[in-house]
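A short write-up of the structure that comes next.
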There are 2 protein chains.
Amino acid sequence: MNFLQHLECTECGKKFSSEKVQTICEDCDAPLFARYDLKRIEDSIDKEDLRSRYPAMWRYREFLPILEDENIVSLGEGFTPIHELDRLGRDIGIKNLFMKDGGVLPTGTFKSRGLAMGVSKAKELGIKKIAMPSAGNAAGALATYGSRAGIDVYVIMPKSAPEACIIESYMLGADVFLVEGLLPECGKIVEEGKRKYDWFSISTTKEPYRVEGKKTMGLELAEQFSWELPDAILYPTGGGTGLIGMWKAFTELREIGWIEEEDLPRMIPVQAEGCSPIVEAFHQEKRESTKCKDPETIADGIQVPKAFADRLILEAVHKSSGTAVSVNDENILKSSKELGRTEGVFACPEGAATLAGAKKLLERGSIEPDENILLYNTGTGLKYINTYTENLDIDIPVIDSVEEITVR
Amino acid sequence: MNFLQHLECTECGKKFSSEKVQTICEDCDAPLFARYDLKRIEDSIDKEDLRSRYPAMWRYREFLPILEDENIVSLGEGFTPIHELDRLGRDIGIKNLFMKDGGVLPTGTFKSRGLAMGVSKAKELGIKKIAMPSAGNAAGALATYGSRAGIDVYVIMPKSAPEACIIESYMLGADVFLVEGLLPECGKIVEEGKRKYDWFSISTTKEPYRVEGKKTMGLELAEQFSWELPDAILYPTGGGTGLIGMWKAFTELREIGWIEEEDLPRMIPVQAEGCSPIVEAFHQEKRESTKCKDPETIADGIQVPKAFADRLILEAVHKSSGTAVSVNDENILKSSKELGRTEGVFACPEGAATLAGAKKLLERGSIEPDENILLYNTGTGLKYINTYTENLDIDIPVIDSVEEITVR
């Protein structure tokens, strides 16, 4: 029941064995993609077969790179809900507005998908020690699945990382080390640890399987929209693995005929104005981004000066006839409150950015009022209590009696 | 497609119309239960029909009190995963140990079930303003579903409530008011607001439908265990609505023949040693609990001096041949770390208490090593970062170079 054939360089097409531990193509310094025998997948299952399967990302077993079921490391992640945002859609002038919600995954963020897959494959390949530099949510997700797999996890984080992410990783059994400095300094220590302690580094897209976990976002969307995808998908883009993964899903589904060419969605990365290398590259019609010099935004998860897989992000945007948009922090915060107050969704700032992006694109004419528009929320707002209290002017009244309450 | 017949006093059996807003039986000061035409439910669906339904608590539509689908206020909550805790089970000597995980519900806690249902029914009954005194997670869940329903929400919280819960409620559009004092002071303001502003109070079990939402935990367990339930269910018990709701589910399923008498689980409330009125009442063979005078535990959610529905909790324990157990804070904290480090589950202190309880009951001989034991985790640890940092001696090393790392 496995259809994985090999890994392939996304730049030069060179093939690599999937039976050994691989990282990137060292000739091109480019990510590797898992390739499957799609013809055999097509012959072996029918999309109707999915219906009775357990509602987790593992229901797409045939499209995933794990050879033996016993290596799957899982907490039931995936098949997350899609919320109709009817009231909010009416307010802003989009008739059919949806949000896919990654906030209800284990660890509260979309990082669970990539790391459930990456750790499962690491287990299958016999890896015993995994390390990662992280300033945020990926650390907790790696700790989660590492501990569930019984694999040692080493997390190197900037001392300035959010306390919630540090404590989460600690409680989940990772060996956590803090470093004065930022992510690059943490990355250096991981590189040294690879040599010194035989660590396997599981950094975004420098390892070929996390993207296969993110791919399940696209598989789920296709199934949940009855194989007719929305017209556009707005995705908060830092490293961009999610956008790349979704596009890979759609490409594979297209190839086996489960979705039609005309149903492919436009892929739209949303970035912060203070850090928008992909948006700039898109508008300058470049195939690679230029490193952002002074990145600054409250949305940590999209504060990525240059994504390692920037070419793949831009390629997906182009091939899908998408566009790209940046939004400012003020509108991110405003959108987050709107999502909470109008629809009951407590989103992370990155997720809220997609709503701000939709408003801007509607104004610009890049999306139409009667299109089906999907926003992707990458995590729960519960992990960002500090971001919101520090950046919003929140004033909760203290009262002595009911008389002091003004009712709406 | 609706089978709700009426409401019934759990003490005197008096019937109340379900077409009007109801609270409690004022003769007995006791909670009301929704009663259904179980015979017609039995005739109208088969348990196999459930398989192809959407994986949320609304899949049990026939057993729920909402008359019209359009009144369902939902964020896709329910059908949460059950984790096998094999490694931890081996460590402590229980062969088949499971955990049902409420941490992946919207709002990160099990409160979502009760309030999705309570708010849906409030919407159906035409209620426009809901209020609640809360020191924690219920506030965020009410704000969530209130905002999704377009119903005004007023939350009265102690000034000392966790910041995360206050900010969550604010972001989700509730009108939040803080009060010097504890929950009883907040409750007084809600009582006054009922008269002055026509608020509907949605306090635990003083409103008949939240328990129907919690009932879905039991329906899910039955279906997920293929209609053969575990031997015992350990549930962290404060107000106890979850335990009462699960038992109500099992009773209804038993009545229509979907589960057998011998498959009914033993219901086991777990409380903190610093606040264990139910455990004491159980061991003293009383049908009602005595108010705990100086409640003290780090597990806020089970710090309930006297549950309003204590008789129903004790009744479920007795009828199910269950038992009751209390655990100390030290063991709660220890169990939380074990869950994280051994199984990758970041539980709230209340959820961790059930693991501490299982160890104690195994020692005492109240559960057997070869029984199927289910622990219920009521929420994600992400909402309790402060509890863990304040009560655990967490020391994360700051390093300058890879040389300072000791590998396992």
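Here is how names work: the chains are called A, B, and so on, in the same order as the sequence lines, proteins then strands, and each is numbered from 1.
- With 3.5 Å as the limit, one finds a donor-acceptor pair spanning the side chains of A:Glu223 and A:Tyr60.
- Counting heavy atoms from C-beta outward, A:Lys383 and A:Cys348 have side chains that stay 4.5 Å or more apart.
- The stretch residues 187-196 of chain A participates, sequence neighbours left out, in these side chain to side chain donor-acceptor pair (under 3.5 Å) pairs: A:Glu191-A:Lys194, A:Lys196-B:Glu403.
- Comparing B:Val407, B:Ile167, B:Val176 by how many heavy-atom pairs each has under 4.5 Å with chain A, the most go to B:Val407.
- Applying the side chain to side chain donor-acceptor pair (under 3.5 Å) test to pairs two or more places apart or on separate chains, those with a residue in residues 75-87 of chain B are B:Trp58-B:Glu77, B:Ser74-B:Glu77, B:Glu77-B:Tyr145, B:Thr80-B:Lys100, B:Thr80-B:Arg113, B:His83-B:Asp101.
- With a 4.5 Å cut-off on non-hydrogen atoms, B:Phe177 touches chain A through its backbone and its side chain both.
- For a residue to count as touching a neighbouring chain, one of its non-hydrogen atoms must lie under 4.5 Å from one of that chain's; by this rule A:Ala149 touches chain B with the backbone only.
- Taking B:Ala174, B:Gly150, B:Gly103 one by one and counting their heavy-atom pairs under 4.5 Å with chain A, the maximum is reached by B:Gly150.
- Of the listed residues (B:Glu180, B:Lys337, B:Met157, B:Arg51), the greatest number of heavy-atom pairs within a distance under 4.5 Å of chain A belongs to B:Lys337.
- At a threshold of 4.5 Å between non-hydrogen side-chain atoms, the residues A:Leu115 and A:Met132 count as touching.
- For a residue to count as touching a neighbouring chain, one of its non-hydrogen atoms must lie under 4.5 Å from one of that chain's; by this rule A:Leu105 touches chain B with the backbone only.
- Proximity to chain A is absent for every atom of B:Val190, based on heavy atoms less than 4.5 angstrom apart.
- The shortest heavy-atom contact between B:Gly351 and B:Thr378 is N-OG1, 4.1 Å.
- Within the 4.5 angstrom heavy-atom criterion, only side-chain atoms of A:Ile156, from C-beta onward, approach chain B.
- For a residue to count as touching a neighbouring chain, one of its non-hydrogen atoms must lie under 4.5 Å from one of that chain's; by this rule B:Thr342 touches chain A with the backbone only.
- Of the N and O atoms on the side chains of B:Thr107 and B:Thr144, not one donor lies less than 3.5 Å from an acceptor on the other residue.
- Taking B:Leu178, B:Ile166, B:Leu339 one by one and counting their heavy-atom pairs under 4.5 Å with chain A, the maximum is reached by B:Leu178.
- Of the listed residues (B:Val179, B:Ile82, B:Asp175), the greatest number of heavy-atom pairs within a distance under 4.5 Å of chain A belongs to B:Asp175.
- Nearest heavy-atom pair across B:Pro158 and B:Ala135 is CD-CA, 3.8 Å.
- Of the residues considered (B:Tyr54, B:Phe79, B:Tyr170, B:Phe346), B:Tyr170 shows the highest number of contacts with chain A, using heavy-atom pairs under 4.5 Å.
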